[in-house]
Structures are given as C-alpha cells and as structure tokens.
Amino acid sequence: MPLMEIKELKKNFNSQTVLKNISLGVEKGDVVAIIGPSGAGKSTFLRCLINLERRDGGSVNVEGIELNPDDKKSVKKVQQKMGMVFQSFNLFPHMTVLKNVMIAPIKVKKIDKSIISEKAKNLLAKVGLSDRGDYYPSQLSGGQQQRVAIARALAMNPDIMLFDEPTSALDPELVGEVLKVMKKLADEGMTMIVVTHEMGFAREVANKVIFMEKGNVVEEGTPEKIFNNPSEKRTKEFLEKII
Ligand code: ADP
Ligand code: MG
C-alpha cells in the first residue's frame, strides 16, 4: 500500500466543481510535482489533503489512517504526519526566527523547550540560517523567510511535506536558495508533493509529474515523459506557454 492514497477526491465551492475525481498514490520518497494553469485546483487539492478545505467526496488515506473530516482525531493524526509550506511564508511576525521554529512542537506536542531548541538550531543550520535565529521575520529576505517556514514545518517531524508554490512570491534571485533546500530534502528521502511553476525543479527533482487543468488530472508520468513526450495536447500547449 502506498504511503498516501487519494481516491476520487471531489471538491465544490458553491455550485462550482473545483476538483472532479482526483486519484493519486504517493510512495515513500516520492517527489510529486503538480503543474498546471492558475485556477486548475492545485492549491485546493493540497488543502483537502490536510483538511484545510473539507472535501466533498472520495477518500484520503495517509499511512493507514483514513482522513474523516467528521472525526477530529483522524484529522489531527493526518495533519501531524504532514508539513505544509505556503506561497506567503506566514511566519509569526512578533517571534524570532528560532521561536517560530520552536513554537509548534512546544504548543502542540508539549516537547521540552531545551530539546526543541537544540533541534530548531539544527534545522536552521540545515536551511542555511544558523546565524539568523535571533532575527525577526521582517529583518529577513523573502528567500530566508521561506527557508525558516520550511524549518518550521520540519520541526514537527512530518513524513510528508506539501509545498504550494513556495517560490512564487519571491524575487527571481531568491528562488534558487529555496529550491536548493527543497532539493536537499528530496535527496534525503523526504516524501514531497510540490505545486510549482519551476519546471527545471520539476524535471530535475520530481519522479512523478502531474498536469492538472480545470479540476482534472489531464496527464501524469515521469518528468521525461511529461516534458519530452506528453501524450495530451493540453499538456503540450501548457508547457509551450510556460517554458
Ligand atoms: P490553483 O491553485 O490551481 O490556482 P485553486 O485551487 O486556488 O487553483 O482554485 C481552483 C478554483 O477554486 C478557482 O476557480 C478558484 O477561484 C476556486 N476557489 C478556490 N478557493 C475558493 C474558496 N475558498 N471559495 C470559492 N472558490 C474558491
Ligand atoms: Mg494555487
């Protein structure tokens, strides 16, 4: 059984069907890149996986746990297995970088401060920010803030990381430093689902690429297949526009 199994996921907003019937299996160590035009439903898909949006149909199973929106315990269990990084970094502005990384394990997992402080420092080193622990988010560049957001998500020991266009809000010269951290995570074996417009990253780091449009998975395959030899006309047209 895959680490994560999504079957026929459906989502409506009012009368609009935003996700039609999305099925996806994610194996341990997979890096899944989700690409597609704005409005395709990519963010909504990720959000349904951790119940930030309540799905309207289908099933989500993470490591054997069925995500049941009516059962708070299952929601919490699934959420604890996943870390999410958003386009806007969403750091707590009144907390230092170190505190931002420490706060969830302290509050949610009741982990001892001295233990998590050590771990948070290691995570900041991992994202290349050892020397910024005492800074406030506003004193950092966007790329640095996003790296803190990644460290913060990792502090909860997730088994799966979800990234929703993590570099889309960054100035072009800051994109590389964030992608580099993500690539390192992937190389270490982290299971990741990444919504991205960075086709170089998708091609190089992902082992599975999914092209979504209008709430459907139009095509999925290896990066070689999707980028070099897509079967679907719509995939071709999208890639021609974006690359
Ligand atoms: P993508 O991330 O691929 O750009 P989204 O998942 O953000 O797409 O949006 C898919 C569709 O759902 C869009 O038509 C968007 O307007 C709609 N949508 C997203 N969130 C909401 C919401 N909270 N309420 C109503 N409509 C929404
Ligand atoms: Mg989006």
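Indexing begins at 1, ligand by ligand and atom by atom, following the structure's order. Computed from a predicted structure; not experimentally measured.
Residue M95 shares its hydrophobic cluster (ILVMFWY side chains chained together at separations under 4.5 Å) with F92, I103. Through ILVMFWY side-chain contacts below 4.5 Å, M1 is grouped with nothing and stands alone.
By the criterion of a separation under 2.8 Å, the protein N/O/S atoms near the Mg ion (ligand 2) amount to S43 OG.
With E219 as the partner, the salt bridge (charged side-chain N to carboxylate O under 4.0 Å, His left out) test is satisfied by one option alone out of R234, K225, K233, K208: K225.
Crowding of K109 atom NZ: a count of heavy atoms from other residues, nucleotides or ligands under 6.0 Å exceeding 12. Within 6.0 Å of NZ in K119 there are more than 12 heavy atoms belonging to other residues, nucleotides or ligands. Other residues, nucleotides and ligands contribute at most 12 non-hydrogen atoms within 6.0 Å of the NZ atom of K180. No more than 12 heavy atoms of other residues, nucleotides or ligands lie within 6.0 Å of CG in D134, so this atom counts as exposed by the packing criterion. When the shell of 6.0 Å around NZ of K184 is examined, it contains more than 12 heavy atoms from other residues, nucleotides or ligands.
Using a 4.5 Å heavy-atom cutoff, the side chains of R147 and V178 are in contact.
For ligand 1, the 4.0 Å heavy-atom shell contains residues F13, Q16, V18, P37, S38, G39, A40, G41, K42, S43, T44.
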